[in-house]
Amino acid sequence: DIPVDHLYAMPVMVRHLKTLGLRDPVVVSPDSGGVKMAIEYASTLDAGFALGAKCRRGATEVEAMNIVGEVDGRTAIMVDDMISTAGTMSQAAKMLKDRGAGDIYAVASHCMIGEQGVARLKDSPIKALITTDTIPLKTEWDYPITVLTVAELLGEAVMRIHENRSVSSLFKP
């Protein structure tokens, strides 16, 4: 029964994505669970929005079924809260490519990726994975993974709590 502030990595991710100079970006939620987050990213990046509809075969197996939204010729930024087996991301990326998407980036706040996930990323059209240091990578992988620090964001949140200032305003564009 105590107040809790939810902290989001979006400001750190958006700052990095803006440095990449992405051409005609579209933010994609690989499944319906991430729609709200993807819409926030799209709004902050002044980008389009698309949605992946999926069906699970099992705990680690996903069969993506459709992409809703305009992705042809656009740079796709798939966003999710975490990535481990990369099943959802890799299947959605293949569908994005089939629908004419250009470069495809995967963005996940928390990365618990293992060998299976890296193998799927390598076999997918995903150009790179962008994540944060909320969970340390257990090994270095032979795949382009950019790890962004959330230290400044956490420090600012602690300072605001200490000074009785708004934490939620940290996450408004």
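Minimum interatomic distance between A50 and I67 (heavy atoms only, all atoms of both residues): CB-CG2, 4.5 Å. Heavy-atom minimum distance, I77 versus P25: CD1-CB, 3.9 Å. Shown here for V167 and A157, the closest heavy-atom pair between the two residues is CG2-O, 4.1 Å. Taking every heavy atom of both residues into account, V150 and A9 meet most closely at CG1-CB, 4.4 Å. P11 and F171 make their closest contact through CG-CD2, 3.7 Å (heavy atoms, listed as atom of the first residue, atom of the second, distance). In plain terms, the two heavy atoms of L137 and C111 that are nearest each other are CD2-SG, 3.6 Å.
No side-chain heavy atom of R23 sits under 4.5 Å from any side-chain heavy atom of R74. For the pair I126 and R120, the minimum side-chain heavy-atom distance is 4.5 Å or more. In this structure, the side chains of W141 and K122 stay at 4.5 Å or more apart for every pair of heavy atoms. Looking at heavy atoms from C-beta onward, V107 lies out of side-chain contact with T131 at the 4.5 angstrom threshold. Counting only heavy atoms from C-beta outward, the side chains of E156 and E152 never approach each other to under 4.5 Å. In this structure the side chain of V147 never reaches within 4.5 angstrom of the side chain of I135, judged on heavy atoms. You'll find the side chain of I83 stays beyond 4.5 Å of the side chain of M112, heavy atoms only. Counting only heavy atoms from C-beta outward, the side chains of F49 and V28 never approach each other to under 4.5 Å.
By the criterion of side-chain heavy atoms lying less than 4.5 angstrom apart, applied directly or through intervening Ile, Leu, Val, Met, Phe, Trp or Tyr residues, M37 is grouped together with V27 in one hydrophobic cluster. A continuous path of ILVMFWY side-chain contacts below 4.5 Å connects Y8 to Y41, so both sit in one hydrophobic cluster. The hydrophobic clustering, which links ILVMFWY residues whose side-chain heavy atoms are closer than 4.5 Å, places L153 and L17 together.
Summarising the geometry, atom CE belonging to M89 is positioned 10.5 Å from atom CG belonging to L96; distances are rounded to the nearest 0.5 Å. Put simply, CG on L148 and CE on M13 are 6.0 Å apart, with the number rounded to the nearest 0.5 Å. With rounding to the nearest 0.5 Å, the separation of CE in M82 from OG1 in T88 is 9.5 Å. Here the straight-line distance linking atom CG of L170 with atom CG of L154 works out to 10.0 Å at 0.5 Å rounding. Note that OG1 of T44 is 3.5 Å distant from CE of M10, once rounded to the nearest 0.5 Å. Summarising the geometry, atom CE belonging to M78 is positioned 7.0 Å from atom OG belonging to S124; distances are rounded to the nearest 0.5 Å.
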Residue pair D133, T149: steps toward the side chain to side chain donor-acceptor pair (under 3.5 Å) verdict:
CA-CA 5 Å; D133 59 359; T149 185; 2.8 Å; yes
Do T146 and H16 pass the side-chain contact (heavy atoms from CB on, under 4.5 Å) test, and can you show the C-alpha distance, the side-chain angles, and the key distance before you say yes or no?
CA-CA 10 Å; T146 300; H16 177 74; 4.0 Å; yes
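Judged by distance alone, with hydrogens and angles left aside, the side-chain atoms of R99 form no donor-acceptor pair with the main-chain N or O of V71 at under 3.5 Å. Judged purely by atom type and a 3.5 angstrom limit, S29 has no side-chain atom pairing as donor or acceptor with the backbone of S32. Without hydrogens or angle criteria, K97 side chain to G102 main chain gives a donor-acceptor distance under 3.5 Å. The backbone N or O of E40 lies less than 3.5 Å from no partner atom in the side chain of S43, so there is not a single donor-acceptor pair.
Remark: E163 CD is packed, more than 12 non-hydrogen atoms of other residues, nucleotides or ligands lying under 6.0 Å away. Other residues, nucleotides and ligands contribute only 12 or fewer heavy atoms inside 6.0 Å of the NZ atom of K127.
Salt bridge annotation for D46-K18: absent, with no cationic side-chain nitrogen under 4.0 angstrom from a carboxylate oxygen.
Side chain to side chain, D103 and T75 fail the donor-acceptor criterion of an N or O pair below 3.5 Å.
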